[in-house]
**Q** 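Right, I'll just put the structure down here and ask away after.
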Amino acid sequence: MNTSFFLSSSVARSRGSSRSMALLWAMQLTASLGRLHSFHAGIPPPMNLYCTIVPRKKLGVCNTFQKNYASWSETSHRKRALAAGFVHTQSHCRRKIGIHPECSSYTTLRCSSDSTDNNTKLQHPINNVAIIGGGLAGLSVAYHLLELRQTRYIDNQGASVAYNPLHITIYDKSKVGEGGASAVAGGLQHPFSPKGKLIHFGIEALEQSNRLVQSAMKHQPSCLIKPHLYRIALSEANVKQLQDAAINYPQIATWMSKEEMHDLLGAETMGGLKLGGGCQVIDVPLYLEGLWEACEAQANEFNGSISWEQREINGDCFNAQVFQNDHDVVILAAGAGIVHDKMLPDRDDGIILPIQLVRGQAIVMDLPRENNAALTNEALLCGKYVSPLQSIQRKNDNEQTEAEARQFVVGATHEFHSTKLDESQVIEELKNRSYPFVPHLWDRGVVKSIIAGVRMQSNRGKFGRMPIIGRPETSHENDKINKWIFAGLSSRGLIYHGLFSRWLADAVLRNDEKILHQHFEEFDWWKQKR
């Protein structure tokens with residue numbers, strides 16, 4: 001399949017002072033579109049993508065082109081071609097923007113995709129999907145399945161067809177936003193490691209997570225607590241690391257001196273970063289509720305369906321004939337529940353999931369209203385984290401609502417042993433690590449509760465701790481379910497859930513795990529033998 005788009009020479013040359021610079025920019029754009037065509041449009045990338053630079057005088061005066069040209073100039077470079085409608089078949093593009101058929105003064109660039117014919121054709125349409133787990137992983141993949149389902153794909157005869165409506169069932173032990181590790185997540189969304197290094201796919205992941213947050217905010221606007229957060233330097237070496245991050249990524253990271261941090265926190269530090277530009281603080285339970293409502297809205301709009309069944313799922317369920325018959329695909333997104341409930345069969349060939357189960361406990365603290373003024377209402381990363389939550393409300397004597405107390409969450413422990421820390425041990429550990437930066441909270445605040453969850457943490461590899469995504473292999477002949485897995489998000493659930501769930505949804509809908517290679521060449525790192 002070939003796809004072409006046309007680029008006015010005046011647009012191209014606006015990116016460079018010479019024709020050679022215009023050609024270089026067009027080459028870069030063509031290569032980028034080859035990668036982004038599938039990602040943004042949700043359809044297989046073309047076999048060949050052509051960028052044709054057309055002399056401005058050869059363009060017609062079609063109103064559609066004038067509108068598209070303005071849109072081209074205003075939108076960000078990653079979305080220009082698709083947002084402006086320039087990606088069409090060659091004949092359609094000529095007709096759409098009014099290019100004279102006899103015009104031959106074109107400069108055409110060609111970019112070949114790595115995709116194959118097999119990757120553009122779906123042999124077994126997916127109509128009914130079961131998702132086990134309704135946390136960050138499960139809800140985000142449900143959202144992208146519904147979103148990408150609305151695009152048109154190529155059938156086995158080469159025709160463009162739309163699928164039947166998609167029907168999704170999410171199975172979870174708890175109600176939306178109430179169970180699992182996702183429901184007790186700290187909510188600090190950013191793309192940096194503790195040393196200030198950008199994590200793999202960090203910027204792309206931040207963009208996709210923010211896109212989901214925006215969708216959820218249409219239904220639960222209060223899920224966004226803060227549009228920024230702060231990371232405190234903990235050593236001289238860390239100062240240099242964070243300063244380098246501010247230099248390398250000024251669009252999201254700003255260095256703050258120790259004096260500036262003192263004015264903000266009222267505590268002595270070595271300085272730190274202000275993270276913005278999409279880095280933010282999320283009320284995760286509210287966000288999950290909003291994302292669920294966004295999924296419902298998408299399903300209703302396109303005559304599909306999505307339902308939530310509150311029940312336990314274990315390995316025995318997969319052997320039930322009725323479960324196999326009801327769903328074309330089962331996606332395991334239950335985190336630690338995949339291990340606890342034995343959703344994957346034991347293996348005898350040495351292949352296991354490269355993960356650890358980590359318990360995390362955090363403290364919810366109330367700061368009474370009379371003690372509020374002395375404590376900043378900001379989210380901090382300081383080895384542990386301190387993050388504001390929604391205020392507790394009460395009625396005053398005049399029946400007006402006012403804040404009775406501000407709530408903060410301080411977390412989290414990292415417990416690898418089977419016996420969890422008791423309340424006093426949790427308080428001691430978290431207080432020791434965070435007291436220097438928020439002394440007023442510990443001196444005047446009251447411990448309200450302790451929340452806990454168990455995360456599935458992937459082993460560290462070439463790209464750090466990456467999610468587990470793809471088709472789990474099985475040696476059991478009776479296991480005939482079309483099964484996929486999305487797990488191992490651990491403490492990077494907020495930053496990674498949007499990007500990886502979109503990739504997975506793309507592969508699931510086309511029933512082809514090879515699609516994941518186009519997005520992340522080493523996605524199957526977790527299938528290595530011990």
**Q** Which atoms form the tightest heavy-atom contact between S458 and G488, and what is the distance?
**A** OG-O, 3.8 Å

**Q** Where do E293 and K218 land on the salt bridge (charged side-chain N to carboxylate O under 4.0 Å, His left out) test, with the steps shown first?
**A** CA-CA 9 Å; E293 292 174 37; K218 294 177 182 178; over 6 Å; no

**Q** Evaluate the side-chain contact (heavy atoms from CB on, under 4.5 Å) criterion for residues E268 and M261: first the C-alpha distance (whole Å), next the side-chain angles of each, then the deciding distance (0.1 Å), finally the verdict.
**A** CA-CA 8 Å; E268 296 297 327; M261 292 298 288; over 6 Å; no

**Q** Write down the atom of V184, the atom of Y385, and the distance for their closest heavy-atom approach.
**A** O-OH, 4.3 Å

**Q** Tell me yes or no: between the side chains of R211 and Q208, is some donor less than 3.5 Å from an acceptor?
**A** yes

**Q** Looking at E521, I want to see if its CD is surrounded by more than 12 non-hydrogen atoms of other residues, nucleotides or ligands under 6.0 Å.
**A** no

**Q** Any idea how F192 and H190 line up, ring-wise: parallel (<30°), tilted (30 to 60°), or perpendicular (>60°)?
**A** parallel

**Q** Which atoms form the tightest heavy-atom contact between L286 and S222, and what is the distance?
**A** CD1-OG, 3.5 Å

**Q** Is it the case that the side chains of S434 and W442 hold a donor-acceptor pair, with the cut-off being a distance below 3.5 Å and no angle test?
**A** yes

**Q** Report yes or no: do Q220 and D283 form a side-chain donor-acceptor pair below 3.5 Å?
**A** no

**Q** Going by distance alone, is a donor N or O of one side chain under 3.5 Å from an acceptor N or O of the other, for D244 and Q241?
**A** no

**Q** Please report the interatomic distance CG(L145) to CD1(I131), rounded to the nearest 0.5 Å.
**A** 5.5 Å

**Q** Test of understanding: with salt bridge (charged side-chain N to carboxylate O under 4.0 Å, His left out), list the residues that count as partners of E522, not counting sequence neighbours.
**A** K462

**Q** Can you tell me if CD on E423 sees more than 12 non-hydrogen neighbours from other groups inside 6.0 Å?
**A** no

**Q** Any chance the side chains of E378 and H228 put a donor and an acceptor closer than 3.5 Å?
**A** yes

**Q** For the side chain of R359 and the backbone of S418, is there at least one donor-acceptor N/O pair under 3.5 Å apart?
**A** yes

**Q** Begin from the C-alpha positions of H200 and F520 and carry the test ring-ring contact (aromatic ring centres under 6.0 Å, His included) through to its verdict.
**A** CA-CA 10 Å; H200 200 51; F520 180 21; 5.8 Å; yes

**Q** With side-chain contact (heavy atoms from CB on, under 4.5 Å) as the criterion, how do F437 and L381 come out once you've worked through the C-alpha distance, each side chain's angles and the decisive distance to 0.1 Å?
**A** CA-CA 10 Å; F437 310 109; L381 287 162; over 6 Å; no

**Q** Taking the inter-plane angle between the rings of W503 and H519 on a 0 to 90° scale, is it parallel (under 30°), tilted (30 to 60°) or perpendicular (over 60°)?
**A** parallel

**Q** Please report the closest heavy-atom contact between I252 and P191, naming both atoms and the distance.
**A** CD1-CG, 3.8 Å

**Q** Taking 4.0 angstrom as the limit, do R502 and D506 come out as a salt bridge?
**A** no

**Q** Rounded to the nearest 0.5 Å, what separates atom CG in L265 from atom OH in Y230?
**A** 8.5 Å

**Q** Please answer whether the main-chain N or O of G278 pairs with a side-chain N or O of N210 as donor and acceptor at a distance below 3.5 Å.
**A** yes

**Q** Could you tell me whether a side-chain N or O of S209 sits under 3.5 Å from a main-chain N or O of I495, the two making a donor and an acceptor?
**A** yes

**Q** Roughly how far apart are I469 CD1 and F486 CZ, rounded to 0.5 Å?
**A** 6.0 Å

**Q** Can you tell me how far apart OG (S182) and CG (L136) are? Round to the nearest 0.5 Å.
**A** 3.5 Å

**Q** Charged N to carboxylate O below 4.0 Å: is that the case for K527 and E513?
**A** yes

**Q** Between K258 and D263, does any NZ, NE, NH1 or NH2 come within less than 4.0 Å of an OD or OE carboxylate oxygen?
**A** no

**Q** Do Y143 and S215 meet the criterion of a side-chain donor-acceptor pair at a distance under 3.5 Å?
**A** yes

**Q** Using modelled atom types only, decide if a donor and an acceptor are shared between the side chain of H497 and the backbone of L494 within a distance under 3.5 Å.
**A** yes

**Q** Please step through side-chain contact (heavy atoms from CB on, under 4.5 Å) for the pair Y171 and W308, ending with a clear verdict.
**A** CA-CA 6 Å; Y171 297 92; W308 186 285; over 6 Å; no

**Q** Give me the atom names and distance for the closest heavy-atom approach of K384 to G411.
**A** CB-O, 3.0 Å

**Q** Hey, could you give me the CZ/CG distance between R231 and L380, rounded to the nearest 0.5 Å?
**A** 11.0 Å

**Q** Can you tell me how far NE2 of H340 sits from CE of M456, rounded to the nearest 0.5 angstrom?
**A** 9.0 Å

**Q** Give a yes or no on whether the backbone of L421 and the side-chain of Q361 come within a donor-acceptor separation of less than 3.5 Å.
**A** yes

**Q** Which atom pair, heavy atoms only, marks the closest approach of I170 to G134?
**A** CG2-CA, 3.8 Å

**Q** Do any N or O atoms from the side chain of E260 and from the backbone of S257 form a donor-acceptor pair under 3.5 angstrom?
**A** yes

**Q** Do T413 side-chain atoms and E415 backbone N/O form a donor-acceptor pair below 3.5 Å?
**A** no

**Q** Taking salt bridge (charged side-chain N to carboxylate O under 4.0 Å, His left out) as the test, write out the residues that go with E296, two or more places apart.
**A** none

**Q** Please walk me through it: do K173 and D341 pass side-chain contact (heavy atoms from CB on, under 4.5 Å)?
**A** CA-CA 11 Å; K173 298 177 182 179; D341 297 327; 3.2 Å; yes

**Q** Return yes when atom NZ of K175 has more than 12 non-hydrogen atoms of other residues, nucleotides or ligands closer than 6.0 Å, and no otherwise.
**A** no

